[in-house]
Amino acid sequence: MKYSLLASISATALVMSSSALAQDQIEWSGFGSIAAGMTTGSNDQLFGYDNDLDFNPGSLFALQAKANLSDKLSVTTQIMSRGSEDFDLGVEWAYLQYQLTDSASVNVGKLRLPFYMYSDYLDVGYSYHWLRTPQSVYRVPFDNYTGVSFQHNAFVGDFTFNTQVVAGNMQDDISVIGGETAEAELNNLIGFNTSAMYSNLTMRVAYYQTNDANIQLRGIDGDVDALLTLLEQVGADQIIAELDASEDKGTFAGVGVMYDNFDWFVGAEYTELELENSYVPKQRSAYITAGKRFDSWALHATYGKTDDKVMNPERFAVPDPQLQAVVNQAANIVVTETAYSSIGVNFNIAPSAVLKFDVTHADNKLTDESDVLASAAVQFVF
Amino acid sequence: MMKKLAVFLIVLFAGMLSFSASANNGVVVSQTEINEESIARIYLGQSRVLTGVNLPEDSATRTAFEEALVGQTGNQLKRHWAKLKFTGRATPLETLNNDDAVIEFLKSNPQGIGYVSDKSKVSGDLKVIATF
């Protein structure tokens with residue numbers, strides 16, 4: 001509550017400053033992506049696309065306004081309209097930034113939660129080589145938090161270290177089982193990430209944790225409700241506690257590396273997410289990517305996979321075999337073991353715009369299904 | 001043999017250096033002394049120790065400066081700055097129209113740094129920090 005108040009304060013400050021300051025003191029900028037995609041098989045579904053050509057899932061527009069309130073204090077908001085959300089306008093970022101020193105600053109407000117190497121730029125497709133970030137790894141169903149972030153740059157020898165420490169909470173409707181949405185809340189979220197840059201090489205580590213993670217599962221899916229009611233009736237409260245994500249401890253750890261000498265690049269990321277005592281399995285995710293740039297175009301390929309694991313399955317043990325089968329099904333409902341391979345080609349069509357083509361093949365090892373998605377996008381900044 | 005090779009490499013390297021210096025006549029200018037690594041950090045948005053200014057994107061001097069001293073191409077830097085701008089990590093550097101505008105800015109800003117194509121314009125309190 002306190003943090004969402006801060007977000008509104010910063011938004012209000014921007015509105016106020018826009019009237020108080022001359023027009024040219026507000027820096028306007030923006031970015032966008034117009035993407036189209038369709039799967040090749042009539043029953044294939046991937047990343048929100050099916051066999052009909054669709055412009056919505058990957059398209060977005062964003063406008064950013066920044067106003068300097070003093071030499072050191074500024075306020076920034078980023079308004080975004082996503083095709084996946086019927087182009088409804090939403091505030092993606094809204095924060096006050098205070099420059100502490102030449103190399104340190106603090107942000108307060110609604111911010112991006114920097115789980116991954118490319119989290120910060122997730123929506124700015126223009127800034128990375130993929131058409132979309134690898135979904136094997138970039139799969140946490142929320143992007144933002146409200147709170148504070150402290151950033152620091154340090155130079156040690158030929159290394160540049162960029163460190164960010166965050167604290168806050170997250171409250172959002174996230175998509176869960178079968179595309180249904182559920183209320184999720186992470187409180188007392190703290191963590192950090194550090195990137196070390198040495199010439200063309202960037203290495204990154206990240207760690208975040210919360211001691212109070214909640215996902216409200218009741219009331220969104222009839223089968224889940226029926227199961228929970230049944231477990232209550234037989235007095236298996238312990239099993240409900242193990243399935244429920246309620247006041248549970250969650251941890252996220254990630255490592256990433258990218259070498260880019262501009263002629264060619266190669267990189268990889270590995271992440272692990274755990275939500276203890278809940279139905280969410282331990283999520284292990286990885287990808288490796290490489291590509292080569294030519295004069296005005298680039299070619300790249302990425303291989304990624306998810307490898308989830310139900311931790312301590314014995315905690316779901318019930319005496320009744322029939323009930324056990326249903327409980328097991330619930331405990332495995334979001335387990336994925338999918339391999340993704342994709343190739344892409346990009347063309348610089350203007351100094352600030354890239355045309356990208358991508359073909360991604362997803363191979364679900366658990367259901368033995370495979371889906372192929374072809375997409376094209378124009379991504380730009382202004 | 002090793003010695004000859006070393007001499008050859010040194011001569012070749014020196015030749016390349018003088019070639020790149022003579023190909024352009026650009027200089028980095030500021031009132032404040034600063035080392036060459038800091039120039040790259042300022043133009044990569046990693047350090048705010050001095051306030052950098054740019055020439056327009058289509059300027060050949062800017063291209064030469066970015067490749068020689070920042071170590072990146074224009075396209076690469078454009079992507080890099082897009083990241084910084086939309087994540088609040090740095091504010092884009094101001095772009096001035098030509099050498100004269102840069103010199104004028106630097107004369108009135110002791111904490112400023114810039115680059116120009118013509119060394120002869122450097123005068124008064126301004127110092128040449130690097131050449132490219």
Side-chain angles (χ1 to χ4, degrees), chain A residues 27 29-31 62 64 66 68 74-76 78 92-93 95-97 99 101-105 107 109 111-112 114 118-129 149 151 153-155 157-158 160-162 164 197 199-200 260-263 293 295-296 298 348 351-352 354 379-382, chain B residues 30 32-60 62-64 66-97 109-113:
Chain A
E27 297 156 21
S29 50
F31 56 88
Q64 173 168 302
K66 181 180 176 188
N68 294 315
S74 66
V75 53
T76 305
Q78 205 178 87
E92 202 70 17
W93 302 62
Y95 59 91
L96 280 165
Q97 180 173 67
Q99 195 74 36
T101 68
D102 287 340
S103 53
S105 62
N107 292 352
L111 301 156
R112 178 59 47 87
Y118 291 85
S119 284
D120 273 353
Y121 340 114
L122 207 58
D123 302 308
V124 193
Y126 171 83
S127 72
Y128 47 76
H129 62 280
S149 147
Q151 297 178 99
N153 282 329
F155 306 101
D158 291 332
T160 300
F161 290 94
N162 179 265
Q164 188 179 8
M197 285 154 280
S199 183
N200 295 320
D260 186 345
N261 69 11
F262 204 63
D263 282 337
R293 293 193 187 89
D295 274 348
S296 59
N348 300 332
S352 304
V354 193
Q379 298 176 332
F380 52 89
V381 294
F382 58 91
Chain B
S30 174
T32 309
E33 288 283 2
I34 192 172
N35 59 23
E36 237 177 82
E37 285 134 47
S38 299
I39 300 173
R41 286 169 190 165
I42 291 164
Y43 282 87
L44 286 169
Q46 293 165 345
S47 166
R48 295 160 54 107
V49 61
L50 295 180
T51 306
V53 288
N54 268 314
L55 286 170
E57 267 173 36
D58 57 2
S59 137
R62 176 165 172 170
T63 307
E66 288 176 343
E67 286 180 9
L69 289 174
V70 189
Q72 300 209 10
T73 66
N75 240 322
Q76 209 173 359
L77 278 170
K78 212 174 158 69
R79 272 199 280 271
H80 178 77
W81 276 98
K83 292 180 183 178
L84 298 178
K85 181 165 71 175
F86 294 118
T87 58
R89 284 172 188 259
T91 307
L93 304 181
E94 201 179 332
T95 299
L96 300 175
N97 279 334
N109 286 283
Q111 291 300 305
I113 186 168

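Numbers restart at 1 for each chain; the letters A, B, ... are given by sequence-line order, proteins then strands.
- With a threshold of 4.5 angstrom between heavy atoms, A:D120 approaches chain B through its backbone and through its side chain.
- Under 3.5 Å, the side chains of A:S149 and A:Q164 contain a donor-acceptor pair of N or O atoms.
- Remark: side-chain polar atoms of A:Y128 are paired, donor with acceptor, to backbone N or O of A:L122 under 3.5 angstrom.
- Of the two parts of A:D123, neither the backbone nor the side chain holds a non-hydrogen atom closer than 4.5 Å to a non-hydrogen atom of chain B.
- Annotation: maximal heavy-atom pairing with chain B below 4.5 Å, among A:G30, A:P114, A:A62, occurs at A:G30.
- Near-neighbour residues of residues 76-85 of chain B relative to chain A, defined by a heavy atom under 4.5 Å from a heavy atom of that chain, comprise B:Q76, B:K78, B:R79, B:A82, B:K83, B:K85.
- Between the side chains of B:Q46 and A:N153, not a single donor N or O lies within less than 3.5 Å of an accepting N or O.
- Contact of A:N162 with chain B is made through the side chain alone, with heavy-atom distances under 4.5 Å.
- Taking the six-membered ring for Trp, B:F86 and A:Y121 have ring centres at least 6.0 Å apart.
- Within 6.0 Å of CG in B:N35 there are more than 12 heavy atoms belonging to other residues, nucleotides or ligands.
- Ranked by non-hydrogen atom pairs under 4.5 Å with chain B, the options A:T160, A:N107, A:V381 are led by A:T160.
- Scanning all heavy atoms of the two residues, the minimum distance from B:L93 to B:I42 falls at CD1-O, 4.1 Å.
- Of the two parts of A:S105, neither the backbone nor the side chain holds a non-hydrogen atom closer than 4.5 Å to a non-hydrogen atom of chain B.
- Contact annotation for A:Q99: only side-chain heavy atoms (C-beta onward) come within less than 4.5 Å of a heavy atom of chain B.
- The distance from the CD atom of B:E66 to the OG1 atom of B:T73 is 8.0 Å, given to the nearest 0.5 Å.
- With 3.5 Å as the limit, one finds a donor-acceptor pair spanning the side chains of A:Q78 and A:Q64.
- The aromatic rings of A:F382 and A:F380 lie parallel to each other, their planes meeting at an angle below 30°, with 60° marking the opposite boundary.
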